Each structure stands twice: as structure tokens, then as C-alpha cells.
2 protein chains.
Amino acid sequence: MAGKAGKTLPTAAKAGAEVRPRRRRKDARPQELTAAALALFVEKGFAATRLDEIAARAGVSKGTLYLYFDSKEALFKAAIEEGVLPAIEAGEALLDEYGDDPVGLVRGFLRAWWEQIGSTAYGGIPKLMFAEAANFPEVARYYNEAVIQRGVALLRTAVARGIASGVFRPVELSVISPLLISPLIHLATWRNSIAPLCGAGVDPDCYLETHIDLVLHGLCAGKKPDGEPR
Amino acid sequence: MAGKAGKTLPTAAKAGAEVRPRRRRKDARPQELTAAALALFVEKGFAATRLDEIAARAGVSKGTLYLYFDSKEALFKAAIEEGVLPAIEAGEALLDEYGDDPVGLVRGFLRAWWEQIGSTAYGGIPKLMFAEAANFPEVARYYNEAVIQRGVALLRTAVARGIASGVFRPVELSVISPLLISPLIHLATWRNSIAPLCGAGVDPDCYLETHIDLVLHGLCAGKKPDGEPR
DNA sequence: TTTTAATTACTGACTGGTTAGTAATTAAAT
DNA sequence: ATTTAATTACTAACCAGTCAGTAATTAAAA
């Protein structure tokens with residue numbers, strides 16, 4: 001299919017003929033391997049991704065992979081976990097910043113998610129988790145509890161406070177978080193699936209700001225949703 | 001798995017006990033096979049689904065599969081196409097019904113999508129298409145043009161009319177359709193991935209109605225979004 | 001109707017290509 | 001010289017796709 005491939009990226013040897021460098025970088029390898037693995041798992045799925053391919057993208061041979069990971073499955077788990085910590089940390093940081101400003105917290109959460117997760121390489125993880133949930137139920141459960149449910153709780157708290165303080169009108173709290181975040185997940189998924197096949201999709205910033213504007217208008221009912229419009 | 005097998009040649013059939021019917025149903029087979037295939041592709045992905053598994057779920061042997069489909073890929077395409085026609089037809093029908101009632105059309109579209117697509121077996125197709133887009137770019141392009149872009153255009157037209165008639169406030173039309181539909185796609189994807197792993201998720205009806213309520217409040221700005229609240 | 005022939009739907013053991021994982025080997029670093 | 005990072009060559013298992021053969025059904029002959 002893909003086809004051009006060529007060599008395996010000889011890391012730009014100085015000049016002479018094709019001498020492969022064969023560098024040794026024990027400490028940097030795991031990161032490089034999980035990054036390559038994540039990109040390919042997101043693009044093609046777990047089963048359709050060949051270990052040779054992952055190794056080639058990371059600039060090593062397949063055997064090297066097994067110096068750092070016990071199995072393909074272990075590599076998958078490591079690649080996912082790589083994206084879990086940043087997501088959690090980013091979420092926690094927000095509570096400190098917008099602790100008692102519901103409108104700012106909702107806006108900040110959505111913008112921060114897109115900036116730090118959705119628009120980065122981690123933006124492919126939701127698509128990957130949804131696709132592989134049945135094949136890796138434990139990983140999916142872990143991801144759900146460690147990342148999704150935490151984010152959901154954070155958003156729900158923000159909205160609950162907004163309702164309590166009269167800024168937001170009453171809405172069903174049990175469904176509000178997925179309603180707020182799903183357009184962003186959808187955009188991230190889109191960019192990691194269909195978008196590469198057709199030229200020029202929607203503008204992410206416009207999409208994001210329109211979403212924020214729409215839901216804040218919806219939440220605030222009659223009153224205007226105060227705060228800087230970016 | 002099955003494993004009774006026994007010897008190599010099952011010529012001895014008279015035993016009387018466990019001989020399966022081996023019914024002949026030439027006309028019903030393709031449907032049964034695509035339905036089984038779709039369910040398994042949605043659950044595990046294309047590459048991770050074994051043809052033996054699909055055949056077993058449809059109650060036939062793997063050889064039979066090849067009487068009706070040329071290859072695993074052909075079966076995949078057939079399974080997707082199976083879900084394309086209903087989606088298109090459902091969309092077209094709506095324009096006739098709510099041709100000049102923007103609020104009703106938006107509400108009707110979202111409810112109809114969930115009822116006729118999202119909550120059915122076809123509800124797994126978006127997840128499947130996103131996951132396999134890079135592996136089957138032609139199928140993904142076809143699905144995008146035949147289904148997604150049509151639905152997007154339909155929704156955009158509805159909102160544009162609403163703005164023109166003063167019912168909706170002005171919003172960015174280029175992003176409004178995915179913003180309206182993505183929470184539903186997300187719910188359908190959720191139910192076909194993580195939900196089966198954890199007991200009791202959100203209530204689909206509550207989720208759907210809250211979404212409709214929220215976006216219509218957002219679109220209508222100050223004024224109330226008239227119409228029956230279900 | 002009963003028997004026999006022809007056809008059709010289906011089966012499951014087999015094969016050949018593919019690939020995750022391993023063992024033997026080489027090269028760099030200390 | 002010894003240790004360790006990395007490569008290469010290999011193996012065992014798996015699975016899409018095939019095909020020789022079997023059971024069910026239909027048609028024709030007796």
C-alpha cells in the first residue's frame with residue numbers, strides 16, 4: 001500500500017557511502033519508540049500496525065524494540081500511559097487557576113484541552129481507545145477512570161457551581177460534561193481519520209470558539225455570558 | 001474455541017445426535033453475513049476480526065463466506081454500504097417533513113439520527129470508519145461524501161434558514177453542523193466501546209434532550225426556543 | 001409415486017504468505 | 001577486554017483464501 005518507504009532513515013551519516021551509525025541511546029529510546037508506536041496505532045489501529053514499521057519510524061530495528069518492551073501489547077500500554085499523565089496534570093492545574101469562576105473554568109478547560117491534548121499527538125488517543133476498547137478492556141477501563149471520569153467530574157463541578165451561583169440556568173448535571181467535551185473529541189478524531197483524506201476541513205479555532213460561544217449562551221440562558229471573548 | 005472436531009473425516013453422520021441442520025438459505029445469507037461482519041468489525045476492528053468468527057456468528061463455515069464475497073475487504077465494504085442507504089434516506093425524508101421550520105428541523109434531525117442510526121447497529125459505523133479510515137481511504141471518502149457531507153449540508157441549511165428568518169442569532173455556518181451532531185456521534189461511539197466495560201452510563205434520552213435544549217437555547221439567544229419540549 | 005440423476009449450498013482440512021517474538025551475531029562504548 | 005546496545009537471521013504460530021468433497025434440494029426417469 002504505502003510503498004515508497006525507501007531505506008530506514010540512516011540518520012544522515014556524514015558523507016561516505018551508506019554507513020549506518022548505529023547510535024546508542026538507551027535513555028531516549030523508550031520515548032522515541034512509544035511516540036512512533038502511538039502515531040502508528042492511532043493511524044492504522046493496533047492489529048494493522050507492524051512492529052517493523054514502528055521500529056523503522058523510530059530509526060531502529062525490530063529487535064531493539066524488545067530491549068525496551070516485552071511485547072507488542074506492552075508497547076501499546078506504554079504508549080497510552082504516555083498520554084495519560086499530561087492529561088491529568090493539565091486538568092488539575094485548571095482548578096487552581098479558575099477555582100471559583102465557572103464561566104472562565106469551562107472556557108479554560110475547553111481551550112486547554114484542545115491546546116494541550118486535542119491538537120497534539122495525544123489527540124489521537126480517544127479514537128484509539130474507542131477503537132481498541134474491546135481488545136484491551138483493562139487499558140480502556142484504566143483510561144476511563146484515570147482520565148475521562150476525572151475530566152468529567154471537573155467539568156461537572158464547574159457547571160454545578162455556576163448553577164449554584166445563578167450564573168448558569170439549571171441543566172442536567174449527569175450529562176453536561178460529555179456534551180461539553182464531545183465536540184472537541186470529535187474534532188480531534190476527525191483530524192486523525194477522515195481529514196487527512198480530504199483537503200481543508202474546518203478551522204479548529206473557529207470551531208472551538210463557536211462551540212464555547214454556543215454552549216455558554218445555552219447555559220446562561222437570557223443573560224449574556226460575560227468574560228473576554230478571547 | 002469450538003474444538004469438538006474429533007477425527008479428520010466426519011463421514012460418519014448417522015450418529016443421530018449432534019448433526020447440525022445445514023440449512024440452505026441462499027437469499028438470506030448476504031444480509032446475515034454483513035450483519036455479523038459489521039457487529040464484529042465495530043467491536044474489534046477490521047484486522048482483529050477473524051473470518052472464522054464472522055462465519056460462526058452467522059451460523060455458517062468460512063468457506064460459505066467466499067461463496068458470497070470475494071475477500072475480507074469486499075465484506076467490509078458491503079457491511080459499510082449496508083448502513084449507508086438507510087442514513088441517506090432518513091436524511092432526505094426530513095426535508096419534506098420540516099422543510100420550513102428551522103427549530104423543528106434541527107430537533108427532528110437530531111432525534112431521527114439517534115433513533116434510526118445512533119441507537120441501532122449502524123451506530124457503530126462512525127467509530128468503525130474513523131478507526132479504519134487510513135486503512136480504507138476509498139471507503140472513508142465515499143462514506144464522507146455520501147453520508148457525512150450530505151447530513152452536514154442538511155443541518156447547515158436548516159440553521160441558515162433559521163438565521164435568515166430571525167429565529168436564530170448569527171453563528172458561523174461552516175462549523176455549526178459538526179457542533180450539532182458530534183455529541184450524538186460521541187454517544188453512539190461510547191456505547192460501542194467503553195460503555196460495555198462499565199456498568200450503566202448516561203441515559204441516552206436525557207443526554208439527547210439536554211443537548212437539544214442547550215443548543216437551541218444557544219442558537220436562539222435571548223428568545224425562548226419555542227416548540228414542544230417533548 | 002418412487003428411483004435416479006443433476007445441481008446447488010455448504011463444509012472443513014489444507015496451504016502459503018505474513019509477522020510477533022527469539023537467538024546468534026556485530027559493533028560501539030567504557 | 002569486557003560490557004552493552006543494536007542488528008540480522010531465524011522460527012513458530014496464525015489466518016486469509018482455496019478446493020476436494022458432502023449433504024440438501026430439485027428435476028427427470030421409471
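The model shown is predicted, which means the values in this text are computed figures rather than measured ones. All values below come from the heavy atoms of this structure, side chains included, with hydrogens, waters and symmetry mates left out. Convention: sequence-line order gives letters A, B, ...; per-chain numbering from 1.
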> How would you list, by chain and number, every residue that makes a side-chain contact (heavy atoms from CB on, under 4.5 Å) with A:Ser71, sequence neighbours excluded?
Replying inline: A:Glu73, A:Ala74

> Less than 4.5 Å apart, any side-chain heavy atom of A:Leu38 and any of A:Phe76?
Replying inline: no

> Could you give the CZ-to-C1' distance, from B:Phe69 to D:dA16, as a whole number of Å?
Replying inline: 16 Å

> B:Tyr66 has an atom OH; how far is it from atom P of D:dG17, in whole Å?
Replying inline: 3 Å

>> In whole Å, I'd like the distance from the CZ atom of A:Arg29 to the C1' atom of D:dA5.
In response: 9 Å

> What's the CG-P distance between B:Leu65 and C:dA9, to the nearest Å?
Replying inline: 16 Å

Can you check nucleotides 10-15 of chain D for protein contacts, nitrogen or oxygen pairs under 3.5 Å, and list what you find?
{"from": "D:dC15", "atom 1": "OP1", "to": "B:Arg50", "atom 2": "NE", "distance (Å)": "2.7"}

>> In this structure, how many angstroms lie between the C1' atom of C:dA24 and the CG atom of A:Leu67, rounded?
In response: 14 Å

> Is there a donor in the side chain of B:Gln149 and an acceptor in the side chain of B:Asn144, or the other way round, less than 3.5 Å apart?
Replying inline: yes

> Is A:Tyr68 touching bases, backbone alone, or none of the nucleic acid, heavy atoms closer than 4.0 Å?
Replying inline: sugar-phosphate

>> Heavy-atom count check: over 12 atoms from other residues, nucleotides or ligands less than 6.0 Å from B:Asp96 CG?
In response: yes

>> Is the terminal nitrogen or CZ of B:Lys77 (NZ for Lys, CZ for Arg) located under 6.0 angstrom from the six-membered ring centre of B:Phe136 and within 45° of that ring's axis?
In response: no

> Do the side chain of B:Lys72 and the main chain of B:Leu51 share a donor and acceptor less than 3.5 angstrom apart?
Replying inline: no

> Counting only side-chain N and O atoms of A:Ser61, is one of them less than 4.0 Å from OP1 or OP2 of D:dT8?
Replying inline: no

>> Could you tell me how far apart A:Leu33 (CG) and C:dG21 (P) are, to the nearest whole angstrom?
In response: 15 Å

